[in-house]
There are 2 protein chains.
Amino acid sequence: MTEQRPRTRIQEKNRAMILEAALDVFSQHGFRGATLDQIAKAAGLSKPNVLYYFASKEAIHGELLAGLMDTWLEPLRALDDNGDPVGELLDYVERKLEMSRDMPRESRLFAGEVLQGAPRFGAFVTGPLKTLVDEKAALIRGWVEAGRIARVDPYHLIFAIWATTQHYADFDTQVRAILQPEDNEHFDDARVFLRGMYSGLLRPDGSH
Amino acid sequence: MTEQRPRTRIQEKNRAMILEAALDVFSQHGFRGATLDQIAKAAGLSKPNVLYYFASKEAIHGELLAGLMDTWLEPLRALDDNGDPVGELLDYVERKLEMSRDMPRESRLFAGEVLQGAPRFGAFVTGPLKTLVDEKAALIRGWVEAGRIARVDPYHLIFAIWATTQHYADFDTQVRAILQPEDNEHFDDARVFLRGMYSGLLRPDGSH
DNA sequence: GTCTATATAAGGATAGAC
DNA sequence: GTCTATCCTTATATAGAC
């Protein structure tokens, strides 16, 4: 449980600074690889002072994950039954790719957790995430059966979208080593590539 | 440098047991998260005995990575200029998917390294891996220009293939939480899905 | 609220008996 | 070659002064 005791502005500011620093450190080194020294230094505080705001290293990590869950589910949640199916799914791809560009640390934080078997947020994966995926897979299946998109397996489609978009955040080091982009212009190429791939895949039979 | 002094059969057997155990532990917990105690226990040896065979924790990890590099590059290396382009690329997808099914620990070991910025094998990524990717991207570009496959960006195609196939190993926990497969039958569905997606993507214009 | 100093534990590595 | 015992560093967390 997060403490609900009221906090002053300076408290909130310090907590936010610690969480920001912790996102940096945890996403780069993983939970075990991160140290409180690194987090404290990145936050510009002493180690005991960090522990004045959070009960433990585990507590910082947990609060980070908890705070990001909604953000993480939001693009899939936005998939709308009333929109144009192909357009909705292409928008989803685009939104996920933007998140890889704009929130790569968050992506790597989640990726590291899942990679290790989700020891600290298995409940999120088997709970809210699975529930939402099941719901949206049913929606996609409905589009398939109505002939509004091509015949694809909804679950593997969702996995493919996750994989191809998150790849640019999670494997950023590798992508940059190979493409050697200035700034982030490779995200534009990725966008074009993925739009082409998924629009071809999803286009219902005979519509081209 | 690896010692080149000759080793007895029992030495080779113990080294192999340690590496096998270390692959288990490193792939699940990452370099920092893994402990020599865990590796020793999994190998059925005492901790000092493990260090009799390997100079350090780092040495075990390094030898694991080094020993897997060739295996990891092999499928892409097999992409053959003389074969049918679409068939060659679909075979590559299939081979990579099989590796995710049959060597998930190896996939997660590499994924964990890249996720953390490849601190211990950046040289592999910027060296042999990049060289091979550049070479095969040129090959694919040739196929595009000859009109033998559809117009796609070779690099982003390779990234997409990596992402969509390795996802089933690296995010195994998440995939299983959502699909709840008996055994590994979801790999068959993934195979069908990915074959469909990539054959549609790669088919040259007007060939269907 | 913030710091210095420190308690305590975990983990990598070594010494030395067998 | 293999083990027990131990060294020593690192890292989480706490005590207590200010």
Side-chain angles (χ1 to χ4, degrees), chain A residues 1-65 112 116 119-120, chain B residues 1-65 109 112-113 116 119-120:
Chain A
M1 270 303 164
T2 305
E3 294 186 27
Q4 288 304 334
R5 174 165 28 133
R7 300 191 190 98
T8 65
R9 286 149 238 81
I10 189 169
Q11 279 177 329
E12 282 305 340
K13 180 167 152 288
N14 276 344
R15 286 178 59 90
M17 279 177 54
I18 292 167
L19 288 174
E20 163 65 24
L23 177 57
D24 247 38
V25 177
F26 281 133
S27 67
Q28 187 178 351
H29 301 285
F31 178 77
R32 193 62 157 52
T35 69
L36 285 174
D37 272 317
Q38 292 174 303
I39 295 170
K41 187 176 181 184
L45 299 171
S46 69
K47 193 162 48 167
N49 206 7
V50 168
L51 290 171
Y52 170 80
Y53 287 99
F54 291 91
S56 65
K57 180 182 174 181
E58 192 93 37
I60 303 174
H61 192 259
E63 191 136 327
L64 261 187
L65 286 179
Q116 302 194 356
R120 276 170 291 271
Chain B
M1 271 301 163
T2 306
E3 292 184 27
Q4 287 303 333
R5 175 165 26 131
R7 299 191 191 100
T8 64
R9 288 149 235 83
I10 188 168
Q11 278 177 331
E12 283 303 342
K13 180 168 153 287
N14 276 343
R15 285 177 60 89
M17 279 178 52
I18 292 167
L19 288 173
E20 164 64 24
L23 177 56
D24 247 38
V25 177
F26 281 133
S27 67
Q28 187 178 352
H29 301 285
F31 179 77
R32 194 63 157 49
T35 69
L36 285 175
D37 273 316
Q38 291 174 301
I39 295 170
K41 187 176 181 183
L45 298 171
S46 69
K47 192 162 52 167
N49 205 8
V50 167
L51 291 171
Y52 171 78
Y53 287 99
F54 292 90
S56 65
K57 177 182 175 181
E58 192 93 37
I60 304 174
H61 191 259
E63 191 137 325
L64 260 187
L65 284 180
L109 184 73
E113 281 300 301
Q116 302 194 355
R120 277 170 290 271

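What you see is a predicted model, and the numbers here were worked out from it, not measured in a lab. All chains are named by letter (A, B, ...) in the order of the sequence lines, taking the proteins before the strands, and each is independently numbered beginning at 1. Computed over heavy atoms, backbone and side chain alike; hydrogens, waters and symmetry mates excluded.
- Checking dT2(C), dA5(C), dA13(C) against every side-chain atom of Leu51(B), the shortest atom distance belongs to dA13(C).
- Counting any heavy atom pair closer than 4.0 Å across all strands shown, Phe54(B) reaches no nucleic acid atom.
- Rounded to an integer number of Å, the gap from Asn14(A) CG to dC3(C) C1' is 14 Å.
- Protein atom NZ of Lys57(B) is 18 Å distant from nucleotide atom P of dT9(D), rounded to whole Å.
- Remark: Thr8(B) is in phosphate contact with dG1(D), judged by side-chain N or O atoms under 4.0 Å from OP1 or OP2.
- An OP1 or OP2 oxygen of dG1(C) is reached within less than 4.0 angstrom by no side-chain nitrogen or oxygen of Tyr53(A).
- In this structure, CG of Asn49(B) is placed 15 Å from C1' of dA15(C), rounded to the nearest angstrom.
- Looking at heavy-atom distances under 4.0 Å, Leu36(A) makes contact with sugar-phosphate atoms alone, never a base.
- In this structure, the NE2 atom of His29(A) is 16 Å from the P atom of dT10(D), given to the nearest Å.
- Within the 4.0 angstrom heavy-atom criterion, only backbone atoms of the sugar-phosphate kind lie near Ala34(B); the bases stay farther away.
- Note: CG (Leu45(B)) to P (dG1(D)) measures 13 Å, nearest angstrom.
- Remark: the backbone N or O of Tyr53(B) is paired with a side-chain donor or acceptor of Arg15(B) at under 3.5 angstrom.
- Nearest-nucleotide positions on DNA chain C for Arg32(A) and Pro48(A) put Pro48(A) closer to the 5' end.
- Between Ser56(B) and the phosphate of dG12(C), there is no side-chain N or O to OP1/OP2 separation shorter than 4.0 Å.
- Note on ring orientation: taking the six-membered ring where Trp is involved, the planes of Phe26(B) and His61(B) are perpendicular (angle over 60°, cut-offs 30° and 60°).
- Protein atom CD1 of Ile39(A) is 12 Å distant from nucleotide atom C1' of dA11(D), rounded to whole Å.
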